[in-house]
Amino acid sequence: MPFFYVYSPDDFVGGLPSESANATSGWNSLTLKPGATPTLIEMVDDDGNFDEVDASQVLAGDINLDGTTYAADSPVHSAYDLINSSSGLKVTSLHFTGDGNNGGPVHGLIATEGYCRAQRIRLISIEHRT
């Protein structure tokens, strides 16, 4: 069962782009607010692939992000990836509700490597998951 550190939209200056057509257009960087603290989550996944639509991906325990509690067994779906092709840093946005075909605001963000508070993350390309 994989563990992830998740940052909530409130942890970023200006929040996070929603998942919808062209919602990430114009987003070339994200900046963590000073004092932003990630939430450690554990996810159950039967195949080890992190997919947008996969009913086996669920939270192993309750979590609270920005005052909203998502119960154990809530679905975990990826929404979009933002990538810095120079450094290889990739961040993936998450939904903790719905069936994976969600649109609208995302609930959190994970990254392929750690980043520091108040660090600006430069993003070169955007990949929407299908």
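- Scanning all heavy atoms of the two residues, the minimum distance from T92 to S78 falls at CG2-CB, 3.7 Å.
- At a threshold of 4.5 Å between non-hydrogen side-chain atoms, the residues V6 and P38 do not count as touching.
- Under the side chain to side chain donor-acceptor pair (under 3.5 Å) criterion, S93 pairs with no residue, sequence neighbours left out.
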For side-chain contact (heavy atoms from CB on, under 4.5 Å), just list the numbers for Y7 and L65, CA-CA rounded to whole Å, side-chain angles, deciding distance to a tenth of an Å, and then say yes or no.
-> CA-CA 8 Å; Y7 282 95; L65 291 176; over 6 Å; no
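- The two atoms that bring H107 and F96 nearest to each other are ND1-N, 2.9 Å, heavy atoms only.
- Side-chain polar atoms of D54 and S56 form a donor-acceptor pair below 3.5 angstrom.
- When all heavy atoms are compared, the tightest approach of A60 to A72 is O-CB, 3.8 Å.
- Taking OG1 from T97 and NE2 from H77, the interatomic distance works out to 7.5 Å, rounded to the nearest 0.5 Å.
- The shortest non-hydrogen separation linking K33 to F12 is CE-O, 3.4 Å.
- Between I110 and Y5 the shortest side-chain heavy-atom distance does not fall below 4.5 Å.
- Closest non-hydrogen pair, P9 versus V106, comes out as CG-O, 3.4 Å.
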Start with the C-alpha distance between I41 and F3, add both sets of side-chain angles, then the distance that settles side-chain contact (heavy atoms from CB on, under 4.5 Å), and finish with yes or no.
-> CA-CA 6 Å; I41 69 166; F3 287 86; over 6 Å; no
Stepwise side-chain contact (heavy atoms from CB on, under 4.5 Å) test for L109 and L94 | CA-CA 6 Å; L109 192 79; L94 305 174; over 6 Å; no
Going through the checks in order, is the side-chain contact (heavy atoms from CB on, under 4.5 Å) test met by N64 and T39?
-> CA-CA 8 Å; N64 185 294; T39 300; over 6 Å; no
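- For the atom pair Q57 CD and M43 CE, the distance stands at 4.5 Å (nearest 0.5 Å).
- For the residue pair T69 and D62, no side-chain donor N or O sits within less than 3.5 Å of a side-chain acceptor on the partner.
- Put simply, the side chain of D11 never gets that close to the backbone of A36: no donor and acceptor are under 3.5 Å apart.
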